[in-house]
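What follows is a set of notes on a single structure, which appears directly below.
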Amino acid sequence: MPASVCAQASALIGLSLAAFVTSSALAADQVPDIKGKWAGKTYSIVAGSGGHWPSSKGTFDKPGLFEKDLVIEVTNQEGRRFWGNQTLTGNGENTQEPMIGELTGKDNKTVVLVDSDGYLNGQLVGKDTLTFCYTQAGGRGPSSVVSCTEVKRQR
């Protein structure tokens, strides 16, 4: 094969490889759009009362075991950062709380969120499922909570 044909083939392969690497890098950098309502049910263990568990009589020796409907509404998002509100409903109680969060990790699929007294750490599974655990250490506050949940985006 003449040298000019080899040079042209090498250049074409090089350009193709560069285009592939660039498109792969851009796809990895894309941030998922998570705006919308995500709904599911909480499965919580609670020591103390207050916050979303005002009627709890749970203690560390005999914790309260609760289930409530949960809606996480992501109202705004800029890049990886997002914010909105959480609503828990059940046992005749309805509570709301603002939250802020950020996407991180591989393909921006890890969700880290904080509200006024606790933390959520989770993972996006596909486009419309978020699985996570929420934790709140009572310390001097009224309650300690662990709640692991899966919510689905409502379309």
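Index from 1, following the sequence. Worth saying up front: this structure is predicted, and the values here are computed from it rather than measured.
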Tracing side-chain contacts under 4.5 Å among Ile, Leu, Val, Met, Phe, Trp and Tyr outward from Tyr43 reaches none
Is the closest side-chain heavy-atom distance between [X] and [Y] below 4.5 Å?
{"X": "Trp83", "Y": "Val74", "answer": "no"}
{"X": "Thr87", "Y": "Glu97", "answer": "no"}
{"X": "Phe66", "Y": "Asn91", "answer": "yes"}
{"X": "Arg153", "Y": "Leu130", "answer": "no"}
{"X": "Gln136", "Y": "Ser143", "answer": "yes"}
{"X": "Ile100", "Y": "Phe82", "answer": "no"}
{"X": "Leu120", "Y": "Val111", "answer": "yes"}

Could you walk me through whether Leu124 and Ile34 pass side-chain contact (heavy atoms from CB on, under 4.5 Å), step by step?
CA-CA 9 Å; Leu124 288 172; Ile34 64 165; 3.8 Å; yes
Would a distance-only check, ignoring hydrogens and angles, find a side-chain to backbone donor-acceptor pair under 3.5 Å from Thr95 to Thr89?
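Judged by distance alone, no pair lies under 3.5 Å.
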Do the charged groups of Glu102 and Arg81 touch, with an N to O distance under 4.0 Å?
no
Under a 4.0 Å N-O cut-off, is there an ion pair linking Lys35 with Asp33?
yes
Step by step, would you call Glu150 with Lys41 a salt bridge (charged side-chain N to carboxylate O under 4.0 Å, His left out)?
CA-CA 7 Å; Glu150 181 176 281; Lys41 187 172 282 296; over 6 Å; no
What I want to check is whether the side chains of [X] and [Y] have a donor and an acceptor closer together than 3.5 Å.
{"X": "Gln86", "Y": "Asp115", "value": "yes"}
{"X": "Thr110", "Y": "Gln123", "value": "yes"}
{"X": "Ser147", "Y": "Ser44", "value": "yes"}
{"X": "Lys152", "Y": "Thr129", "value": "yes"}
{"X": "Tyr134", "Y": "Asn121", "value": "no"}

Matching residue for Val46 among Val145, Leu65, Val146 - test: side chain to side chain contact (heavy atoms under 4.5 Å, CB included):
Val145
hydrophobic_cluster_shared for Val71 and Phe132, side chain cutoff 4.5 Å
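Each belongs to a different hydrophobic cluster.
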Single-linkage hydrophobic cluster, 4.5 Å side-chain cutoff, Leu70 and Ile45 together
no
For residues Gly138 and Ser144, report the shortest heavy-atom separation together with the two atoms involved.
N-OG, 2.7 Å
Distance-minimising heavy-atom pair for Gln154 and Ala39:
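Smallest interatomic distance, heavy atoms only, reads NE2-CB, 3.6 Å.
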For Lys57, which residues count as a side-chain contact (heavy atoms from CB on, under 4.5 Å) partner, sequence neighbours excluded?
none
Verdict with supporting geometry, Gln96 and Asn85, side-chain contact (heavy atoms from CB on, under 4.5 Å)
CA-CA 7 Å; Gln96 294 185 336; Asn85 293 290; 5.7 Å; no
With a 6.0 Å cut-off (strictly less than), is the heavy-atom count around NZ of Lys37, excluding the residue itself, greater than 12?
no
One should read off an interatomic distance between Asn94 CG and Lys68 NZ, to the nearest 0.5 angstrom, of 8.5 Å
